[in-house]
Amino acid sequence: MSTTTQITLRTAVVLPFVMIFIITIGVIIAVQKKSYEEMVVDISDKQLSSLTDNVTLELNKFLTKPFEASLALSHSIGYNQLYTPGNTTQIEQFLLSSFRDLYQSIPHLDVIGFGGENAEYTGFRKEANKGYTLMIQDDRTEQKLVIYRGQVISEDVRSVIHGYDPRVRPWYAPVADRQVPMWSSIYANADERQEITLSALTPVFHDDEFQGVVVTDVKIDTFNTFLNRLQQNTNAVVFIVDDKKRLVAHSTGGSVVSWGTPYSKKGDRLLAVESANPVVNSSAEYAESLGLYEKQETQHFTVDINGERYFNHLTPYVDQYGLNWQIGMAISESDLLGKLPESQRHSWILGIVASLIGIFIGLIAFNRIVAPITSTADAAKHLAKGDWDSHMPKPGSIYETSMLVFAFNEMANNLKASFRALRTQLLYDSLTKLYSREGLIDTCDTLDKLDGTLMLIGINKFRDINDSLGHYKGDQLLVIISERLRSVFSNECYLSRIGGDEFAIYIPGPQDKEQNSLTANRVLQAFASPFVMEYESILVSISVGIVTQGPDQNMTLWLRNGSIALSNAKQELTRISYYSPEMADVSRKRTLMLSKIREAIENKEFIPFYQPIVDIRSGKVLGAEALARWQSPSSGLVSPLDFIPIAEESGLIGQIGEQILMQACNDAVKGIREGKWDTEFHLHVNLSVNQLSQPDFIETLQKVLTISDLNPSNLTLEITESRIVDNDPVTIQNMQAIRELGVQIAIDDFGTGYSSLAYLHKLPFDCLKIDRTFINKLTPNDLDTSIVAAVINMTRGMKVDIVAEGVETTEQAKMLAQLNCHQAQGFLYSRPVPFQEWPSNLG
């Protein structure tokens, strides 16, 4: 160890504690920012609420006076019976005196008028010179609307409007319909000015008889003037929208009338989102996107406009006469708080600068401290990648880090030795001393070129051998097999054990197909003779998958292709198969089908179809076999040949079988209750060996019977003879337990398996089903010597039912009847059908 002066790690890390100061600054900034935000929200809410209340009060005053004038005028006209059909002279004089003497002081009251039941109209419009313009339509004007330049009838006519009918105007029709005071919708006047107007409307009655409507008009432009003064005093942008989201008034100047847009026709009022003012436009768009206009309470929100934050209130304004408006109020952060936001940003910038300086100083100091630790970490990365010759870290000037470096170097040296031992264990199979799968891949991928032949050798049914011999002897057998393989292949070949019962041999150098076939047959010949272990001779059957072409320098893909070829070889009679790309397609299709089967199981797409079992002599239906069918929503009815073999190989047949069993039992109960099947009906359901060999199968069966409420005596479980393992104690135990439950057992496809009396006496069963292949071979000439006759005679004393499968012709049924076979099943009677399509003639 170096004798240079060293300091402790405790001393070395004091300087980085400057970071605490930086963290403190950050916390202060965060707390300050949070407090600032809370303050801003509170101030904006109070300010905007106050402004909104002010606008509401002023708006109430603004609208109340014109409405009160309308109410007073309508009452006086009705009470004093001023309305005379066809002549509005009295009302004309009354309106003029009222406008001049009583309502001259209301600056925003623009027009006072009356519309009668007979389409009369009289009214006065205020002019800029404080005079009044008379507007009349009655018998005196021959029912034309005449607008005079003065306040009396004269020759000085401003304009004449033909076809004017006040009863269809928006200020008349709603009141005539409902006959209550109300505000009109905002509309354009019919006079020559066509100004945008809001009218206070009041019906006129005499002796409860409706006579007409008094209207007092308020010019919309006067709203803008009022709101503009408010903005000048507070810098708050104010806008009012109606229930159609169109602008009523705003404080930003300019007209609310459209000159033509994609959303508004010329002369219509602008939608709030069409406003040229960016504050009104953005606030309206935000409120509309969130549906705030429909809320019945004040909504608070913020929007960013050109980099500045605006605080918004949207408050409903509703009165008793039908107004349903929204008052929008927006104020910018700078107008709300003055220079406070700028000062806040400056303080944050100062805090961040101070923090960065502290971080910079801390990094310089800490870098010197952790340099040895960093170099140690780099060395560790090299070791992790297998670079055992990388430079080791050097100790620094700090005592603790020097101790760490010395300890690491010592550990690295020990790891080098251990790694070499572990690599040997990884690359070689510990049992056979051949290459492991990883060893074969690692070794072959370092070759200049993969241009040879790969053979995968799989031991057929090694699991059965392992179960019968025991695992210890099974391992010893693998050792003997590996020695025999060594004797077949030269030293230039790479031998490996890539799985429990699979070996792989890579033969370098090009080989033609004849040479490969000779080598494969030599391997098969080597396994033709039995393997002797102690006092036992064991015959081992193998399959060989061969790959002659593959991606260069990628043994992993060669092995994958070899596995596909080996799987195909196990289906071939020769037990040898060469890989071809089509096999990969088949494998992918099988994998895809497997995935679809799993999905179909989850979606319960497997349903039972039923084929009747009948009494040959009487034709009576004794039962039915439930056959699994796949009703796919996308592919329709899938053939059992497409999914049953894959389901059996993958073990999914058990789950399918459980679904079919449950549905079939439910259907049987339903069929018996509905009278479709009689009470002695026998439901036959196929049972896979996968299900039968499960220790918990009896519990599952009891659960199905309980849920479906099916009498056990109505159920028969069919087990394929060739699939029964007679030395499996769980299978035999489950078969006995099935019969103890009262459920019967049928041996299916009888004649294709062991088919001996000695074998049959070991199994508990109630019914034998003779395979269709034997039924097809029946002829009248050799009827008595047929296999069917032999089976019937062989089981005559066993008191079991015999069912002939695959009966398709009447002649076959007659021959079976002659042989005293009483039950049959096949297309002669019915094809398999869904429960709901069960033929009515079968009963």
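Computed from heavy atoms alone, side chains included, the values below leave out hydrogens, waters and symmetry copies. These numbers were taken from a predicted model, which means no experiment stands behind them.
- One distance of note links OG of S786 with CG of L816; it measures 8.5 Å at 0.5 Å rounding.
- Counting only residues at least two apart or in different chains, ring-ring contact (aromatic ring centres under 6.0 Å, His included) contacts with residues 789-810 are absent.
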Exercise. Q812 and L778: side chain to side chain contact (heavy atoms under 4.5 Å, CB included), yes or no, with the steps?
Worked result: CA-CA 7 Å; Q812 289 175 338; L778 280 178; 5.5 Å; no
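- Aromatic ring pairs are classed by plane angle as parallel below 30°, tilted from 30° to 60° and perpendicular above 60°; the pair F835 and Y610 is perpendicular.
- Once rounded to the nearest 0.5 Å, the distance linking CG of N714 with CG of L683 reads 8.5 Å.
- Of all heavy-atom pairs between V743 and L715, the closest is CG1-O, 3.4 Å.
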For this session: Tell me, with the steps shown, if E625 and K769 meet side chain to side chain contact (heavy atoms under 4.5 Å, CB included).
Result: CA-CA 11 Å; E625 180 180 355; K769 301 189 75 175; 2.9 Å; yes
Exercise. Does the pair T779 and N781 meet the rule for a side chain to side chain donor-acceptor pair (under 3.5 Å), with working shown?
Worked result: CA-CA 5 Å; T779 61; N781 296 331; 5.2 Å; no
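- Panel note: side chain R617, backbone A817; a donor-acceptor pair is recorded below 3.5 Å.
- Atom CD1 of residue I576 and atom CD of residue E572 lie 10.0 Å apart, to the nearest 0.5 angstrom.
- When each of E805, Q825, H684 is tested with Q611 by the rule side chain to side chain donor-acceptor pair (under 3.5 Å), just one qualifies, namely Q825.
- At a cut-off of 3.5 Å, with distance as the only test, a side-chain donor of D667 or Q663 sits close to an acceptor on the other residue.
- I481 has its side chain within reach of F527: a pair of non-hydrogen atoms, C-beta onward, lies under 4.5 Å apart.
- Looking at S595, its side chain never comes within 3.5 Å of a backbone N or O of T591 through a donor-acceptor pair.
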Exercise. Hey, mind stepping through S487 and R484 against side chain to side chain contact (heavy atoms under 4.5 Å, CB included) and telling me if it holds?
Worked result: CA-CA 5 Å; S487 66; R484 190 170 291 188; 4.2 Å; yes
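- Between the side chain of Q659 and the backbone N or O of I601, at least one donor-acceptor pair lies under 3.5 Å.
- Counting heavy atoms from C-beta on, the side chains of M555 and S496 never come closer than 4.5 Å.
- Test T519, T548, N516 against T453 for side chain to side chain donor-acceptor pair (under 3.5 Å) and you get one pass: N516.
- Two residues are said to be in side-chain contact when any heavy atoms from C-beta on lie closer than 4.5 Å; N554 and L450 fail this criterion.
- Around atom CD of E680, no more than 12 heavy atoms belonging to other residues, nucleotides or ligands sit under 6.0 Å away.
- When all heavy atoms are compared, the tightest approach of P834 to F609 is CG-CZ, 3.5 Å.
- Side-chain contact between K604 and M662 is absent, with no heavy atoms from C-beta onward closer than 4.5 Å.
- At most 12 heavy atoms of other shown residues, nucleotides or ligands fall within 6.0 angstrom of atom CD in E699.
- Side chains of L701 and L661 form a contact here, defined as non-hydrogen atoms less than 4.5 Å apart.
- Of all heavy-atom pairs spanning A520 and M455, the tightest one is N-CE, 3.8 Å.
- A 6.0 Å sphere centred on CD of Q525 holds no more than 12 heavy atoms belonging to other residues, nucleotides or ligands.
- Closest approach of I597 to F606, counting heavy atoms only: O-CE1, 3.9 Å.
- In this structure, I538 and P530 have side chains that are not in contact, with every pair of non-hydrogen atoms separated by 4.5 Å or more.
- Heavy-atom contacts from other residues, nucleotides or ligands closer than 6.0 Å to CD of Q515 number more than 12.
- At a threshold of 4.5 Å between non-hydrogen side-chain atoms, the residues L434 and R486 count as touching.
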For this session: Could you check D642 against K596 for salt bridge (Lys or Arg N to Asp or Glu O under 4.0 Å), going step by step and ending with a plain yes or no?
Result: CA-CA 12 Å; D642 292 339; K596 290 182 178 179; over 6 Å; no
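- Side-chain atoms of E648 and S688, non-hydrogen and from C-beta on, never get closer than 4.5 Å to each other.
- Side-chain N/O atoms of D771 and T773 include a donor and acceptor closer than 3.5 Å.
- A donor-acceptor contact shorter than 3.5 Å links the side chain of N734 to the backbone of L692.
- Side-chain atoms of N460 and S543 include a donor-acceptor pair closer than 3.5 Å.
- Note on D766 versus R739: salt bridge recorded, some NZ/NE/NH1/NH2 to OD/OE distance being below 4.0 Å.
- Remark: K513 qualifies as a cation-pi partner of Y578 under the 6.0 Å distance and 45° angle criteria applied to the six-membered ring.
- Residues V540 and F531 share a closest heavy-atom pair of CG2-CD1, 3.7 Å.
- Note on K814 versus E811: no salt bridge recorded, every NZ/NE/NH1/NH2 to OD/OE distance being 4.0 Å or above.
- Between the CD1 atom of I498 and the CG atom of L456 there is a distance of 4.0 Å, given to the nearest 0.5 Å.
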Exercise. Are V614 and L828 close enough, and set up right, to give a side chain to side chain contact (heavy atoms under 4.5 Å, CB included), and what steps lead you there?
Worked result: CA-CA 10 Å; V614 302; L828 175 63; over 6 Å; no
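- L440 contributes atom CG, which lies 9.5 Å from atom OG1 of T556 (distance to the nearest 0.5 angstrom).
- Tested against I770 for a side-chain contact (heavy atoms from CB on, under 4.5 Å), the candidates I802, I787, D748 yield a single pass: I802.
- Distance check, rounded to the nearest 0.5 Å: CZ of F462 to CD of E502 gives 11.5 Å.
- The two residues P612 and Y829 make their nearest non-hydrogen contact at CG-CB, 4.5 Å.
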